[in-house]
Every structure is written in C-alpha cells, then in structure tokens.
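Beneath this line is the structure, given in structure tokens, with notes to follow.
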Amino acid sequence: MYERKHWQAIGLRALVAAMALTVAAPLLAQDATPADAKVEAPNEPMSYDKARRAAEASLRLHPGTDSQYDYRPLWAGNADLDGDGRPEIIYLYTATQSGGTAQQLNELVVMTPLAEGDARGQTASPGKSAYDDETYGLIRASGYADDAAVHIPGEMETITMDGDRIRVTFNSTRNSKLCVRGKVACPPEGQHAWVYRWTPGKLIRAE
C-alpha cells in the first residue's frame, strides 16, 4: 500500500515538472543568445572622428611625389544626402605642394557606404604590396569609399548640408593657388557661397 502511494506521488511530481518545462521552454529559448550572435547597436549619429578616419584611409590611395605630398583632410562631416537612412561622409582635403605654379588641391569629396564585395574596398593585387593591403583594410574597416569630388576655388569658411545639397562658403583672393588665374576661370575676389548637389557618382554645382 505504501509503495503504491509512493509511486503515485513520484508520478505526480514528474507530471508537474514536465508541465513546467513545457511552459518555460519557449521563454528560455527567447532568452538564450548564441555566443557568436551579432548584437545590433542602435543607430547613432556618426562622430567627427569616424568621418575623419574614413577620409584619412581613403587619402592613403593618393601617391605622394617630391612636389606634392602629405594628403590630409581639412574638414569632415556627414549627412544623409539621399534620404536612405544611411549617412554619406563629406570631407575637404588638400596636400602640401613645393615649387611650381600648379593649382593647390582643395577638393570636396562625398563618400558612400561600401556594399558587400565593393571593388572600391579591394586591392587589385592582394599580397603584392603590404601598404596597399593595409590601406584597403583600413578602407573596409571604415565602411566607406570616395564616390564623387569637385574642386573648391577658394579658402573654405563653412560647409553645411541640407537634403542632397552641400553649401560651401569660401573666400577667393587674387594670388591664391587655390585658383590660378589665367589658367582656369576663377570667381571674383571676395566671399562666395556655392551650393553643390550630389547624386551617386556626381557632385555638381547647383545654379
């Protein structure tokens, strides 16, 4: 008699335990996270440092010469120019020039996010040059590459973005190497505010 009641009690406890596991299993599955699962971070505004590092990585692609070297960004920022929810990077760069009468670099560049397998993030000959391998590694790590550029013919004062438009305020001076008069058409001396419109692969002045 005692054994029968004992086994009945064990059977009841087993049934309760099984029911508890049945209820809890979906909750446990929801809470379980594989060790290698990627946790998506919330969307946050891009920092100035990230935009600048992306620009610096891209500028490593420019070969320095004895007369033109030290390519560097003067300004960097970001904005969602096409409204797709992903920011583009905008930067202005120059380089040191020694001697000659060549026009000083003062280039406004728009960078776009790299797509999977994007050729802009791949070296043509992997393993041939350690410098190239490192440069393209930095470009892929930044997630961005140059898409379009235009020369700014004066010393930049401010750059602002509004939709797909980029407004650049700059000063034009007579003897500036940023626009060598007599070689190209330069704006009159003084302050100017030019607006550029970006579309993929193109950065043109909006009249």
Side-chain angles (χ1 to χ4, degrees), residues 45-83 86-114 120 131 135 138-139 141-207:
M46 184 184 299
S47 69
Y48 165 78
D49 286 342
K50 181 175 180 179
R52 187 180 183 90
R53 285 196 300 270
E56 290 173 340
S58 183
L59 289 175
R60 286 171 57 101
L61 295 174
H62 294 267
T65 64
D66 291 340
S67 59
Q68 189 164 275
Y69 52 92
D70 187 22
Y71 289 80
R72 60 195 182 277
L74 298 174
W75 180 93
N78 71 92
D80 185 2
L81 298 175
D82 57 5
R86 298 181 301 171
E88 281 71 43
I89 292 175
I90 304 95
Y91 72 96
L92 183 76
Y93 79 88
T94 190
T96 299
Q97 290 184 200
S98 58
T101 58
Q103 183 166 271
Q104 178 79 31
L105 290 173
N106 198 42
E107 314 306 302
L108 181 69
V109 183
V110 172
M111 306 181 80
T112 55
L114 288 171
R120 296 176 299 166
Y131 179 85
T135 295
L138 291 170
I139 290 174
S142 77
Y144 283 81
D146 291 355
D147 178 74
V150 67
H151 180 75
I152 304 299
E155 185 175 354
M156 184 271 293
E157 288 191 348
T158 62
I159 298 177
T160 57
M161 285 75 73
D162 183 15
D164 64 349
R165 307 298 172 100
I166 305 170
R167 181 185 178 90
V168 183
T169 303
F170 64 92
N171 274 312
S172 176
T173 56
R174 177 172 296 276
N175 297 320
S176 172
K177 285 190 175 183
L178 297 178
C179 193
V180 180
R181 299 177 190 279
K183 290 189 175 183
V184 296
C186 298
E189 292 183 73
Q191 187 184 74
H192 300 270
W194 287 6
V195 177
Y196 295 89
R197 181 173 181 267
W198 174 78
T199 56
K202 295 181 180 180
L203 187 56
I204 59 175
R205 187 179 171 194
E207 299 297 338

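Each residue takes its place number in the sequence, starting with 1.
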For the [atom1] atom on [X], are there more than 12 heavy atoms of other groups (residues, nucleotides or ligands in this structure) within a distance under 6.0 Å?
{"X": "D66", "atom1": "CG", "answer": "no"}
{"X": "K177", "atom1": "NZ", "answer": "yes"}
{"X": "R181", "atom1": "CZ", "answer": "yes"}

Pair E189, T173: side-chain N/O donor-acceptor within cut-off below 3.5 Å: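 The criterion, which ignores hydrogens and geometry beyond distance, is not satisfied for T173 and E189.
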
What closest approach, in Å, do [X] and [Y] show between heavy atoms, and which atom pair accounts for it?
{"X": "A145", "Y": "R120", "value": "O-NH1, 3.2 Å"}
{"X": "K50", "Y": "S142", "value": "CE-O, 4.2 Å"}
{"X": "Q103", "Y": "C179", "value": "OE1-CA, 3.4 Å"}
{"X": "P73", "Y": "Y91", "value": "CB-CD1, 4.4 Å"}
{"X": "T135", "Y": "L61", "value": "CG2-CD2, 3.7 Å"}
{"X": "R86", "Y": "D82", "value": "O-OD1, 4.3 Å"}

Any side-chain heavy atom of [X] within less than 4.5 Å of one from [Y]?
{"X": "I204", "Y": "Y196", "answer": "no"}
{"X": "V109", "Y": "I90", "answer": "no"}
{"X": "L105", "Y": "Q68", "answer": "yes"}
{"X": "V110", "Y": "I166", "answer": "yes"}
{"X": "E157", "Y": "N171", "answer": "yes"}
{"X": "L114", "Y": "Y144", "answer": "no"}
{"X": "P153", "Y": "P187", "answer": "yes"}
{"X": "R52", "Y": "D49", "answer": "no"}

Output yes when a side-chain donor or acceptor of [X] lies under 3.5 Å from a complementary backbone atom of [Y], and no otherwise.
{"X": "N106", "Y": "I152", "result": "yes"}
{"X": "R165", "Y": "G163", "result": "no"}
{"X": "T112", "Y": "D147", "result": "no"}
{"X": "S67", "Y": "Q97", "result": "no"}
{"X": "N78", "Y": "E88", "result": "no"}
{"X": "S58", "Y": "A55", "result": "no"}

Rounded distance (nearest 0.5 Å) linking atom CD1 of I159 with atom CG of L92: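 One finds 5.0 Å between CD1 of I159 and CG of L92.
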
Distance (rounded to the nearest 0.5 Å) between H62 NE2 and E107 CD: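 Between atom NE2 of H62 and atom CD of E107 there are 8.5 Å.
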
Candidate pair Q104 and T94, rule side-chain hydrogen bond (donor to acceptor under 3.5 Å, both in side chains), full reasoning: CA-CA 7 Å; Q104 178 79 31; T94 190; 2.9 Å; yes

Side chain to side chain contact (heavy atoms under 4.5 Å, CB included) involving T158 - partner list, sequence neighbours excluded: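 Expected list: T169.
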
Sequence-distant partners of L138, side chain to side chain contact (heavy atoms under 4.5 Å, CB included), two or more places apart: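 Only A57, R60, E134 meet the side chain to side chain contact (heavy atoms under 4.5 Å, CB included) criterion with L138.
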
Residue pairs involving residues 149-187 (criterion ring-ring contact (aromatic ring centres under 6.0 Å, His included); sequence neighbours excluded):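 Every pair satisfying ring-ring contact (aromatic ring centres under 6.0 Å, His included) with a residue in residues 149-187: F170-H192, F170-W194.
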
Derivation of the side-chain contact (heavy atoms from CB on, under 4.5 Å) call for T199 and R197: CA-CA 7 Å; T199 56; R197 181 173 181 267; 3.3 Å; yes

